Amino acid sequence: MTEMVFGTTPVRAGDPILPRWWRTLDRWSLACVLGLFAVGLLLGLAASVPLAERNSLPQFYYVSRQAVFGAMALVIMLVISTFSPRQVRRLGVLGFLVALLVLFALPVIGTDFGKGAVRWLRLPGGMSVQPSEFLKPCFVAICAWFMAASQEVGGPPGKSFSFGLAVVVVLLLAMQPDFGQASLVLFSWCVMYFIAGAPLYLLGGVMGLACVGGVFAYGASEHFARRINGFLAAEVDPRTQLGYATNAIQEGGFFGVGVGEGTVKWSLPDAHTDFIIAVAAEEYGLILVLIIIALYTTIVIRSLLRLQGERDPFARIAGTGLACAFGVQALINMGVAVRLLPAKGMTLPFVSYGGSSVIASGIAMGMLLALTRARPQGRIGDLLGRGRG
């Protein structure tokens, strides 16, 4: 039986699929994802009860739904983690095309649920889907494919293609308006472009254009301007979501006020989604917040370290983009709660309530686990020759 080694993990060519998958998987990252999901259910027990009462529903209605969404996300994540890089690429291309078509159609068939942004597609049975959540991991995969293809001898101008896709997606998201998701998409593209070998001056030019776009959005969008003005204000209005969140974090201290004793969940309409970290800080204190940060940090750092030895250009570029996007989304969510960043309406992956968010996070993490699995590393020329398809 042939045995090949990547790092310290033996890969036997004749092994059954499941033992080979388990031996090559980054089990630390998988454990951290399970930890984040458990924390999300724990916080949901507290944060979602006021929402259920306001909507005249059973107390644990939203927690039960989150458990179902989470179970679906974990199954999807585990299935995708068994994929080869080529299968991840194909899934990303197909998913991107579907999500992009739905985004184009949102102005006509979408709904805003009274939040001033048309981001959701209403489904039968009271369900809704946020297409931009599913677009993000698929966008990373298709752009990584283009960038990897551009490195082949006689390959297409993949970097230019990926830039065109990034512009289209950012404009579509800004029109909703969803500037938070648009900035995250642009960030992930810049990271991948850098990994693919882009000159720094080009990245600087892209960031300059983004700043110009931000200035334009400030003047053209009342929604965007209001959030920027609130962030730059000398004092936080205590009656706003940021005010409630800031006060909750201060009240929590190191060890929190006690399980179920927090009050911010009764004041914040988005306590179970965008500001769930404020609930964690108030009831469980800084200790739980540091644990949450450690879980995200472990996933990102371990993924990047494992990708250092990856010689498949697509796996390296896509894996880096997925890992950085995952970490930055968590950073943005927590940064908004402590007023380090303007309010953006972005969920905390695997922790915040929401079917689209949790399932899309499962897809993204499944792709990342698949791309960071230990596998034999061939010669660079051989891998580039297999890049198409």
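The structure presented is a predicted model; accordingly, all values stated were derived computationally and were not measured.
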- Item | side chain to side chain contact (heavy atoms under 4.5 Å, CB included) between Val264 and Asn247, intermediate numbers included | CA-CA 8 Å; Val264 70; Asn247 182 67; over 6 Å; no
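- Heavy atoms only, all atoms of each residue included: Ala281 and Ile249 are closest at CB-CG1, 3.8 Å.
- A pairwise comparison of heavy atoms in Gly362 and Phe350 identifies N-CZ, 3.8 Å as the closest pair.
- If you chain together hydrophobic residues whose side chains sit under 4.5 Å apart, Leu304 and Leu36 fall into the same group.
- Smallest separation of non-hydrogen atoms from Ala280 and Leu288: CB-CD2, 4.0 Å.
- Although no hydrogens or angles enter the test, the distance criterion places no donor-acceptor pair under 3.5 Å between the side chain of Gln130 and the main chain of Ser132.
- Taken together through direct or relayed side-chain contacts under 4.5 Å among Ile, Leu, Val, Met, Phe, Trp and Tyr, Val108 and Leu173 form part of one hydrophobic cluster.
- Side-chain contact between Val170 and Trp189 is absent, with no heavy atoms from C-beta onward closer than 4.5 Å.
- For the residue pair Thr347 / Ser352, no side-chain donor-acceptor distance below 3.5 Å is found, with atom types taken as modelled.
- A donor-acceptor contact shorter than 3.5 Å is absent between the side chain of Asp274 and the backbone of Asn333.
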- Message: Apply side chain to side chain contact (heavy atoms under 4.5 Å, CB included) to residues Leu135 and Phe96 and explain how you reach the verdict.
- Response: CA-CA 6 Å; Leu135 181 81; Phe96 178 81; 3.6 Å; yes
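- With hydrophobic clusters built from ILVMFWY side chains whose heavy atoms lie under 4.5 angstrom apart, Ile277 does not share a cluster with Leu340.
- The hydrophobic cluster containing Leu165 also contains Leu171, counting ILVMFWY residues as joined when their side-chain heavy atoms lie under 4.5 angstrom apart, directly or transitively.
- The CG atom of Leu91 sits 7.0 Å away from the CD1 atom of Ile363 when rounded to the nearest 0.5 Å.
- Judged purely by atom type and a 3.5 angstrom limit, Gln87 uses its side chain to pair as donor or acceptor with the backbone of Ser84.
- In terms of modelled atom types and a separation under 3.5 Å, the side chain of Thr24 and the main chain of Trp21 share a donor-acceptor contact.
- Within the 4.5 Å cutoff, the side chain of Ile292 has heavy atoms near those of the Tyr296 side chain.
- For the atom pair CD of Gln151 and NZ of Lys159, the computed distance is 6.0 Å after rounding to the nearest 0.5 Å.
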- Task: Please lay out, stage by stage, how Tyr61 and Leu51 fare under the test side chain to side chain contact (heavy atoms under 4.5 Å, CB included).
- Result: CA-CA 9 Å; Tyr61 173 81; Leu51 179 66; over 6 Å; no
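- Thr320 is not listed as a side-chain neighbour of Met192, based on a closest heavy-atom distance of 4.5 Å or more.
- Distance check, rounded to the nearest 0.5 Å: CE of Met334 to CD of Gln329 gives 10.5 Å.
- Between Ser150 and Gly158, the closest heavy-atom pair is CB-N, 3.5 Å.
- Side-chain contact between Phe139 and Leu100: absent, with no pair of heavy atoms (C-beta onward) separated by less than 4.5 Å.
- Residues Val63 and Gly44 come closest through the heavy atom pair CG2-O, 3.1 Å.
- Phe187 is not listed as a side-chain neighbour of Ile332, based on a closest heavy-atom distance of 4.5 Å or more.
- Between Leu25 and Ser81, the closest side-chain pair of non-hydrogen atoms falls below 4.5 Å.
- Side-chain contact check for Glu283 versus Glu261: every heavy-atom pair is 4.5 Å or farther apart.
- At distances below 3.5 Å, at least one donor-acceptor pair connects side-chain atoms of Glu282 with backbone N or O atoms of Thr263.
- Listed here is the closest heavy atom pair of Pro50 and Trp266: CB-CE3, 3.5 Å.
- With rounding to the nearest 0.5 Å, the separation of CD in Glu133 from SG in Cys138 is 12.0 Å.
- The CD1 atom of Ile299 sits 8.5 Å away from atom CG of Leu369, with the distance rounded to the nearest 0.5 Å.
- Using a 4.5 Å heavy-atom threshold, the side chains of Lys265 and Val49 count as separate.
- In this structure, Leu307 is not a member of the same hydrophobic cluster as Met365, with clusters built from ILVMFWY side-chain heavy atoms closer than 4.5 Å.
- Within 6.0 Å of CH2 on Trp28 lie no more than 12 heavy atoms contributed by other residues, nucleotides or ligands.
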- Item | Stepwise side chain to side chain contact (heavy atoms under 4.5 Å, CB included) check, Arg90 with Phe83 | CA-CA 10 Å; Arg90 290 173 176 173; Phe83 286 8; over 6 Å; no
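- Using modelled atom types, no side-chain atom of Lys136 and backbone atom of Leu184 make a donor-acceptor pair closer than 3.5 Å.
- In this structure, CZ in Phe37 is found 11.0 Å from CZ in Phe69, a value given to the nearest 0.5 Å.
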